[in-house]
Q: 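Can you read through this structure? Questions will come right after.
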Amino acid sequence: MKSHYPLSALSVALLSLGATSAQAITLEDYVDPNSRYEDAYINGSFRAANESANNTADANGGAAAPAARGNSFDLNLTVDYDRVNSTRERVRTVSANIGGSLSNDDAGTRDEIGANASLTYDKYFGQNPNTFWYGGALLDYDPNSAEELAADITLGLGYGRVVNATPLAKALRLVEEFQRFGLVSAYPSDDVMLRIAQIINKEREYESRLGSDDYRTGWYQDIEAEFSNAGILADEGLGALGVIKIDQVLTEESVSTRKHGWVARAGATAVIQDHEGNNGDPAFSIGFEYAKPYGYRGQLINQATYRIGDSSSFSNELSYTYEISNNIDWESKWDLDLQQPDRGEDILTNRLSSGFAYEITNLLTLNTGLSITDRDNDDDSAAALFETTLKYRLK
């Protein structure tokens, strides 16, 4: 078999060069592991594909799409859900996806549906807060396979931690608005910023204690008190304008998740059933995640997984998001997938994509961009896709 050496770590380093934060405090100063966040989206997309795209693998590196003699149009609808509950002792992650598509081209009309769900539980050791054992389960539904449902479980050890620093990103955004409207006379110290971020992080605690109808009053008052105690308010209080700005930043604006740190994992996977109806031999996997924010506007994330079993595979996803303005994000991603079957040639797939996300409201976003997919075992030219997607935020 051919040998491939994806340089994902080098890519991370190159993208990291030259990026600095204009603030005295950075998101990496936020180290509190206690957090909870939940993302749920409905995505509807329209795709125009050229002939090469219709005769090669789909944009996600999966099985080859049915051959078509010309261009095509596709309608897709997906629902994505992610929930992370993190404390110093444990991290619970739940992810789910269900999607369907309707396509029409020279080969006819097709409709597809699929779904998957995963659960990961990390339990940190008290004597070493960076070391943990973990367990995970994966379910995948594919009605077009011999067996519609596939499942596996994983158990292993890991080291490191990724911290959700979104509360500090919101605090930085809040101070930016206060400076813009002259509500503060000086920039807060790092300690004040971290205390404000801690209060922002306790939204669910305020809601549980004060009720969903009244908790914002107490929540906003405690935020104002931190600015007042620091002696940097331009007037005696924030006033109506200050309260409006707090409400806009914390409840109306959509601040993307910001995180930092790294995690390495190694574990054994038992295949309960694959889509062919087989149990399969146990597999061994190694995983790595790296996250680094730049200011509160930029976010780089790299995730890599190498799995050894009946066949071997390597996947790497490198993404960078930059907030151009309060309602426009630039999003770029590189997906690499290497399949090394026991028999046959290796298959290396690269997908590069870049585009813009325009926030119509805090719940509705319009995404548009270009992606290029290339497989090294395909004689056709690279598949070029132009996509326009509407994303609706449920949570």
Side-chain angles (χ1 to χ4, degrees), residues 23 25 27 30 32 34-42 83-84 164-259 293 295-297 299 321 323-329 357-366 391-395:
Q23 306 292 347
I25 191 172
L27 296 187
Y30 190 86
D32 184 0
N34 298 290
S35 70
R36 171 187 171 186
Y37 66 90
E38 192 173 24
D39 292 329
Y41 295 98
I42 297 178
R83 178 172 178 173
V84 178
N164 173 30
T166 311
L168 182 54
K170 291 182 178 180
L172 289 167
R173 175 76 187 99
L174 185 61
V175 171
E176 182 182 62
E177 284 295 286
F178 283 1
Q179 286 186 308
R180 177 186 172 194
F181 288 91
L183 297 173
V184 291
S185 59
Y187 198 86
S189 66
D190 291 359
D191 289 341
V192 172
M193 290 299 303
L194 289 173
R195 288 197 296 269
I196 294 171
Q198 290 281 3
I199 296 173
I200 292 174
N201 190 39
K202 295 178 179 179
E203 178 180 4
R204 300 306 177 194
E205 180 180 318
Y206 280 89
E207 185 176 8
S208 176
R209 178 161 47 89
L210 302 176
S212 58
D213 293 333
D214 302 321
Y215 81 94
R216 290 183 187 176
T217 300
W219 190 31
Y220 294 174
Q221 285 176 345
D222 287 351
I223 293 174
E224 180 182 10
E226 285 297 333
F227 285 100
S228 179
N229 294 337
I232 58 174
L233 288 179
D235 297 315
E236 293 183 359
L238 289 175
L241 178 59
V243 173
I244 290 173
K245 289 303 166 184
I246 294 177
D247 194 64
Q248 286 179 342
V249 172
L250 299 187
T251 65
E252 295 183 16
E253 288 188 10
S254 179
V255 179
S256 301
T257 300
R258 296 289 184 249
K259 53 186 181 178
Y296 69 87
R297 295 186 180 274
Q299 176 71 60
T321 302
E323 182 182 313
I324 298 175
S325 67
N326 295 337
N327 59 357
I328 300 178
D329 288 352
Y358 177 74
E359 185 179 299
I360 300 173
T361 70
N362 66 314
L363 297 178
L364 188 64
T365 303
L366 176 68
K391 177 187 288 186
Y392 181 79
R393 186 183 185 101
L394 297 171
K395 292 186 177 182

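What you see below is based on every heavy atom in this structure, not just the backbone, and it leaves out hydrogens, waters and symmetry mates. Since this is a predicted model, take the numbers as computed values, not measurements.
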Q: What distance do I25 atom CD1 and L168 atom CG have between them, rounded to the nearest 0.5 Å?
A: 5.0 Å

Q: Taking all non-hydrogen atoms of both residues, which atom of V192 and which atom of E226 are closest, and how far apart?
A: CG1-O, 4.3 Å

Q: Other residues, nucleotides and ligands only: do more than 12 of their heavy atoms fall within 6.0 Å of OH on Y215?
A: yes

Q: Does some side-chain heavy atom of R216 sit less than 4.5 Å from a side-chain heavy atom of E203?
A: no

Q: Tell me which pairs pass ring pair (Phe, Tyr, Trp, His ring centres under 6.0 Å) where either residue lies in residues 227-248, with sequence neighbours left out.
A: F178-F227

Q: Closer than 3.5 angstrom, by distance alone: can the side chain of T365 be matched with the main-chain N or O of Y358 as a donor-acceptor pair?
A: no

Q: Roughly how far apart are R173 CZ and I200 CD1, rounded to 0.5 Å?
A: 12.0 Å

Q: Between N201 and N34, is there a donor-acceptor pair closer than 3.5 Å when you use the side chain of the first and the backbone of the second?
A: yes

Q: Considering all heavy atoms of both residues, which atom of G218 and which atom of L210 are nearest to each other, and what is their separation?
A: CA-CD1, 4.0 Å

Q: Under 3.5 Å, side chain of W219 to main-chain N/O of I199, donor-acceptor pair present?
A: yes

Q: Could you tell me which non-hydrogen atom of A197 sits nearest to which non-hydrogen atom of Y30, and how far apart they are?
A: CB-CE1, 3.7 Å

Q: Can you check whether D247's main-chain N or O pairs, donor with acceptor, with T251's side chain at less than 3.5 Å?
A: yes

Q: Is E176 paired with R297 through a side-chain N to carboxylate O contact shorter than 4.0 Å?
A: yes

Q: Mark yes or no for whether E224, through its side chain, and L238, through its backbone, hold a donor-acceptor pair below 3.5 Å.
A: yes

Q: Got a sec, which residues hit side-chain hydrogen bond (donor to acceptor under 3.5 Å, both in side chains) with T166, two or more places apart in sequence or on another chain?
A: N164

